[in-house]
Amino acid sequence: MAEAMRGVYTNLAKIRRTVFREVARIAYEDDDGILDELDDLPYEIISGDVATYRESVFLERAVVGERIRLAMGLPLQGGDRPPMISEGAEEAAKPETYYEPPLINIINFACNACAEESYVVSNLCQGCLAHPCREVCPKGAITFKDKKAYIDQEKCIKCGRCLQVCPYTAIIHRERPCAAACGMNAIGSDEQGRAVIDYDKCVSCGQCLVNCPFGAIADKSQIFQIIQAIRAGEEVIAAVAPSFVGQFGGRGNVDKLREAFKTLGFAGMEEVAIGADLCTVQEAGYFLDEVPEKIPFMGTSCCPAWSVMAKKEFPEHADCISMALTPMVLTARLIREQHPNAKIVFVGPCAAKKLEAMRRSVKSEVDFVLTFEEMAGMMEAKDIEYTKLAGDGASDFDVASASGRGFAVAGGVAQAVVDAIHKDYPDLEVKVESAQGLENCRKMMKDAVKGKYNGYLLEGMACPGGCVAGPGTIQAVNKSAAQVRAYAKKSPHKLATENMYNEYLSALERANDGVREEDAVAETFEAQRVDASE
């Protein structure tokens, strides 16, 4: 599986981060000559006249040029006309500009046109006497030519039985890496065999872009617009996801990370784990009030790719997905209460959060979304080694609980909700089922609608391993998960209380000029249920 690439600093990772760094560097510089510099950038990133990664240096530069455009939030141009990377850059330079969908993009001429799923016989075949592969094939797709097995792809139904019985492991299961990683079956092929995305199915989880070994898939970034907002004098505040631990360190150097954000021009940095605590309280309350009297089961809401998938594919059970606002939204609304005119930037591991921030049905209060990898590019552009910075001595955020910080790892959301319920109802049995990866999430939902999980709390995570495995992360998944758990255990705070949540509602009521947040939540979630794709 290409998943093995995660956490390995490959040539592809080097190219990605170099693009983010250079786009950030240009954004921080004066506007004079910016268009010319953009058009020259591929020649700076790919120098010389000898190809390193692809068959020609010209193709390498063309691919980098498209990645630069995506990093600026601009649409792809394609290879059918002379490249002009700077086309549309004037609009991108406006701090209020948001990228245009689609979020996840395939650079056609970078795609290797990998073969679609198939079972093929390798040269390890010994032409054995038993022929077990032929005997187990239910469609008669296997014959022998020159004493070697041959699979007729027209007849093969891809059941895999031949692979299971071959004593020489001579049969190989081939899959296009991006399609294998897509739990939505949203990736097919065009007439040239290149990958294409069915955006009616895609939920922008981003697993395809980190599993393509050719760097043909990328999402759009808002690095350029965030830096423009900073340079324009806006109050820009970062809301950092709990999974920052393992990406940028943990307890003991939070003050250094805060200093790094300050150096980049951010006016402040807050921890999204406080929003996770509030989300926990919401979800515990909904579960107690609604399961099983009103709905047979309840799915968690914090992973946008999972929740959109569940609502899209199981619309008759859309009301079984929690109505709780996500930690990102709850934290942003808390920040907005204190800083009404600020630009709020969610910094985290997730590509789908970029779409969540754009939803019209539930106002997120988030102006921009930045991944950890994009954040690392900004730091490189300013030559920041945050671990060497002198912090203010406040080595922890000192606001959230261990439960809130545990949201970053698979199983952490459900455990937080269960712990919150047991706080008031210690003897109540709360049954939990969880799934990682959208294919497994779909299987869980199918079982749930059949009645297998009546009375259950379901946790869905689009990324295998949880948020620590998001497409915007920069460290190995297992390492990050271990560091998140260790950091969470040292949290000095307990889970947010119902009183804390009520205080939050009161604050928002004041901020919304008397509009009751409970009513607003009901209205927005009704809209979200009707149109889960927004």
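Residues: numbered from 1 along the sequence shown. Every heavy atom of this structure was used, including side-chain atoms; hydrogens, water molecules and symmetry mates were not. Just so it is clear, the structure is predicted and the values come from calculations on it, not from any experiment.
- Of the N and O atoms on the side chains of Q77 and E87, at least one donor lies less than 3.5 Å from an acceptor on the other residue.
- Counting only residues at least two apart or in different chains, ring-ring contact (aromatic ring centres under 6.0 Å, His included) contacts with residues 171-192 comprise Y119-H173.
- Every pair passing salt bridge (Lys or Arg N to Asp or Glu O under 4.0 Å) that includes a residue from residues 194-214 is listed here, sequence neighbours excluded: D190-R194.
- Here ring-ring contact (aromatic ring centres under 6.0 Å, His included) pairs that include residues 207-230, with residues two or more places apart or in two chains, number zero.
- Between the side chains of E60 and T52, not a single donor N or O lies within less than 3.5 Å of an accepting N or O.
- With ring centers used as reference points, F248 lies 6.0 Å or more from F261.
- Using modelled atom types, one finds a donor on one side chain and an acceptor on the other under 3.5 Å when comparing S189 with E116.
- Between the side chain of S221 and the main chain of G73, no donor-acceptor pair closer than 3.5 Å is present.
- Between M184 and C205 there is no side-chain heavy-atom pair separated by less than 4.5 Å.
- Using a 3.5 Å distance cut-off with no hydrogens or angles, the side chains of T473 and E373 do not pair a donor with an acceptor.
- Here the side chain of N105 pairs no donor or acceptor atom with the backbone of D219 at under 3.5 angstrom.
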Candidate pair E37 and R25, rule salt bridge (Lys or Arg N to Asp or Glu O under 4.0 Å), full reasoning
CA-CA 11 Å; E37 192 166 357; R25 179 184 60 79; 2.9 Å; yes
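- Of the residues Q222, M378, K353, the one that meets the side-chain contact (heavy atoms from CB on, under 4.5 Å) test with L370 is M378.
- Ion pairing between a basic and an acidic side chain is recognised when a charged N comes within 4.0 Å of a carboxylate O; R442 and E313 show such pairing.
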